[in-house]
Every structure is written in C-alpha cells, then in structure tokens.
Amino acid sequence: MKKAVIFDLDGVLVHTDRYHYNAWRILTDKLGIDFPQERYDGIRGLSRMDSLERILAFSPRQFTREEKEALAAEKNEAYLQRVEQMGPEEVDGDVRAALRGLREKGLLLAVGSSSKNAKRILARTELTACFDAIADGSMVTRAKPDPEVFLKAAELLRVAPAQALVVEDAAAGLRAAKAGGLQAVAFGGDAAGNPLADYEVTRLTALLELV
Ligand code: G6P
Ligand code: MG
C-alpha cells in the first residue's frame with residue numbers, strides 16, 4: 001500500500017538539470033576540462049561538492065580545498081542567475097496534473113532533493129504549496145546515494161519508508177531510495193533503464209496508475 005510519493009527536484013519536477021549542466025560547463029570550459037553531456041549523466045543527483053570532485057578528476061591538475069570551495073561558489077552563482085529567471089511556466093503541465101491527481105487520490109507528497117537551492121526553486125515555480133514536506137540538501141549531512149534525504153522526507157510525512165515511492169532521474173537517487181527501503185521509480189536521465197528501479201515512467205501522470 002503506497003501512502004506517499006517523494007519527488008526528486010532537479011530533472012524530475014523541473015528542468016534545472018540543464019541549468020546545472022550549463023553552469024558546470026562555464027567552469028569546465030574555463031579550466032579546459034572536457035565535459036560532454038554523457039559525463040554529466042554520470043554525476044546526476046550528486047551534491048555540489050561531490051559533483052565538483054568528480055568533474056575535477058577529469059583534469060590532470062590538483063586543486064586545493066580553497067580552490068575547490070571557490071569553484072563550487074562560482075558554479076552556484078552562475079546557476080542561481082538562471083534560477084532567478086525561473087517562473088511557474090517552467091513546470092510542465094503533466095507535472096502539475098500528476099501532483100493534483102496524486103493529491104486527489106489521498107497520497108502525501110514530498111520533495112527529496114540534494115540541492116541547497118531546492119526551496120528557492122520551489123518558490124519561484126510556485127510549487128511549494130503542492131507538497132506536505134520538503135527535505136533538501138541543507139537538512140542532511142550525507143548526500144545521495146546515501147538514503148538520508150529520502151528517510152528525512154518519509155519521517156516528515158510520518159510514513160514508513162516502504163510505503164513511499166521515490167521518483168528519480170538519477171542512478172544515484174535510485175540507489176539512495178533502495179538503500180533506504182523505499183520503492184523507486186525511474187524517470188529519464190541516467191535512471192532510465194536502470195534495473196534498480198521498481199517501476200519506470202516516461203511522464204509523471206503515469207504515476208497515477210502505480211499508486
Ligand atoms: C541535485 C542535482 C545535482 C546537484 C545537487 C546539489 O541533486 O541533481 O546536480 O549537484 O542537487 O545542488 P545545489 O543546488 O545545492 O548545488
Ligand atoms: Mg535529479
């Protein structure tokens with residue numbers, strides 16, 4: 001029996017995965033690091049610092065802790081410039097229809113995101129009120145693929161992990177969900193076709209048939 005659906009944010013509810021990629025590209029172009037879309041797919045869902053570490057591993061150069069902090073801040077600044085232009089029109093009609101439909105069916109809804117910018121994005125896109133709980137990167141100490149953020153979301157909703165369905169576009173997110181004992185739905189990105197997923201959908205309104 002499913003009582004709740006926990007949504008990843010970037011690449012599931014909104015297309016901010018593209019904005020993350022574009023912001024990383026500004027940095028990688030400057031540093032002379034080859035960073036095609038396929039490489040980005042390999043770091044989907046990882047925290048800002050974990051993503052940066054993986055990207056810098058493609059460079060022969062060594063970076064100090066201070067340099068890494070500065071690069072992470074620079075990436076976030078470029079990313080936020082794009083986020084500040086977001087509005088409610090950036091949420092697909094299918095996403096809003098899915099959230100409405102799940103709510104009507106009595107499901108509890110949460111966001112489970114590694115992003116420290118999650119609340120800002122939900123506010124800008126006017127999605128905040130659609131959710132009963134929001135667990136984000138500022139509330140956890142261990143990022144995906146650790147299950148902490150999803151367990152936090154389930155706790156806030158007061159449901160057992162096994163009663164919650166997680167929707168993810170990242171393999172790291174699917175791993176996090178399964179490690180926490182939650183059910184996992186793959187939705188695009190590098191989650192697509194991943195055998196870890198219990199279900200796979202290509203549009204979020206298909207969730208209405210799974211609950
Ligand atoms: C999400 C995205 C990642 C991003 C992470 C941290 O999980 O999928 O690509 O690195 O959040 O985001 P932040 O907005 O805190 O840099
Ligand atoms: Mg994602």
Side-chain angles (χ1 to χ4, degrees), residues 5-28 35-57 68-86 90-92 95 110-125 127 134-150 152-153 165-180 182 184-192 194 196-197 200-202 204 207:
V5 184
I6 304 173
F7 292 88
D8 171 54
L9 174 66
D10 300 307
V12 171
L13 294 172
V14 280
H15 302 292
T16 39
D17 51 332
R18 293 177 197 153
Y19 309 153
H20 277 294
Y21 177 65
N22 293 340
W24 285 125
R25 275 298 297 266
I26 297 173
L27 223 64
T28 55
F35 190 56
Q37 180 71 42
E38 307 85 77
R39 282 188 168 174
Y40 173 72
D41 272 330
I43 65 160
R44 254 173 209 272
L46 301 186
S47 73
R48 194 180 308 162
M49 223 6 132
D50 290 347
S51 301
L52 179 66
E53 295 279 4
R54 296 277 283 269
I55 291 168
L56 295 182
K68 287 178 187 171
E69 298 287 352
L71 289 169
E74 196 179 324
K75 181 266 174 176
N76 193 49
E77 218 168 282
Y79 176 64
L80 279 180
Q81 269 183 28
R82 182 62 188 82
V83 164
E84 290 309 316
Q85 293 165 24
M86 289 181 84
E90 287 205 36
V91 180
D92 294 347
V95 173
V111 171
S113 168
S114 299
S115 175
K116 295 191 164 108
N117 298 307
K119 288 191 175 143
R120 185 79 200 121
I121 293 164
L122 293 169
R124 287 219 60 91
T125 52
L127 277 172
I134 294 161
D136 69 15
S138 66
M139 299 161 74
V140 295
T141 52
R142 296 179 307 278
K144 299 173 193 175
D146 189 284
E148 189 180 2
V149 79
F150 292 138
K152 183 81 205 163
L165 207 55
V166 164
V167 187
E168 264 290 349
D169 69 319
L174 294 179
R175 290 221 302 282
K178 297 311 292 177
L182 299 94
V185 185
F187 175 63
D190 73 331
N194 190 310
L196 265 184
E200 178 152 359
V201 297
T202 52
L204 294 191
L207 293 170

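Remember, it's 1-based here, ligands and their atoms both numbered in the order they're listed.
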Can you tell me the protein heavy atom closest to [atom] and the distance?
| atom | result |
| --- | --- |
| atom 15 (O) of ligand 1 | Lys116 N, 2.7 Å |
| atom 1 (C) of ligand 1 | Asp10 OD2, 3.0 Å |
| atom 16 (O) of ligand 1 | Arg48 NE, 2.7 Å |

Any Gly137 heavy atom less than 4.0 Å to ligand 1: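 Judged by the 4.0 Å heavy-atom criterion, Gly137 does not count as contacting ligand 1.
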His20 touching ligand 1 at heavy-atom level, < 4.0 angstrom: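 Flag set, His20 near ligand 1.
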Plane angle bin for Phe35 and Tyr21 - parallel if under 30°, tilted between 30 and 60°, otherwise perpendicular: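 Ring orientation of Tyr21 relative to Phe35: tilted.
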Asn117 and Asn76: side chain donor to acceptor below 3.5 Å: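 Short answer, yes.
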What closest approach, in Å, do [X] and [Y] show between heavy atoms, and which atom pair accounts for it?
| X | Y | answer |
| --- | --- | --- |
| Met49 | Ala72 | CE-CB, 3.9 Å |
| Asp10 | Ser115 | OD2-CB, 3.7 Å |
| Ala176 | Lys144 | CB-CG, 4.0 Å |
| Ala171 | Asp190 | N-OD1, 2.9 Å |

Contact check, side chains of Phe187 and Asp8, non-hydrogen atoms, under 4.5 Å: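 A side-chain contact is absent here, since even the closest heavy-atom pair is not under 4.5 Å.
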Neighbour count above 12 (heavy atom, 6.0 Å) for Lys116 NZ: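 Incorrect, the count does not exceed 12.
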Residue-atom pairs from the protein, N, O or S only, that lie under 2.8 Å from the Mg ion (ligand 2):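 Per the 2.8 Å query on the Mg ion (ligand 2), atoms found are Asp8 OD2, Asp10 O, Asp169 OD1.
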What atoms in ligand 1 come closer than 4.0 Å to a heavy atom of [X]?
| X | answer |
| --- | --- |
| Asn117 | 13 (P), 14 (O) |
| Ser114 | 6 (C), 7 (O), 11 (O) |
| Leu46 | 3 (C), 4 (C), 5 (C), 10 (O) |
| Ser51 | 10 (O) |

Tyr19: ring-ring contact (aromatic ring centres under 6.0 Å, His included) partners, not counting sequence neighbours: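 Applying ring-ring contact (aromatic ring centres under 6.0 Å, His included) to Tyr19 gives none.
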Basic-acidic side-chain contact under 4.0 Å: Glu168, Arg44: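 So Glu168 does not pair with Arg44 through a salt bridge.
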Min N/O separation Ser115 to ligand 1 under 3.5 Å: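 Yes; the residue has a nitrogen or oxygen that sits under 3.5 Å from a nitrogen or oxygen of the ligand.
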Mode of Asp8 contact toward ligand 1 - side chain, backbone, both, neither (heavy atoms, under 4.0 Å):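 Neither part.
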Within reach of ligand 1, part of Ser47 (heavy-atom separation under 4.0 Å):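 Ser47 to ligand 1: backbone contact only, side chain stays beyond 4.0 Å.
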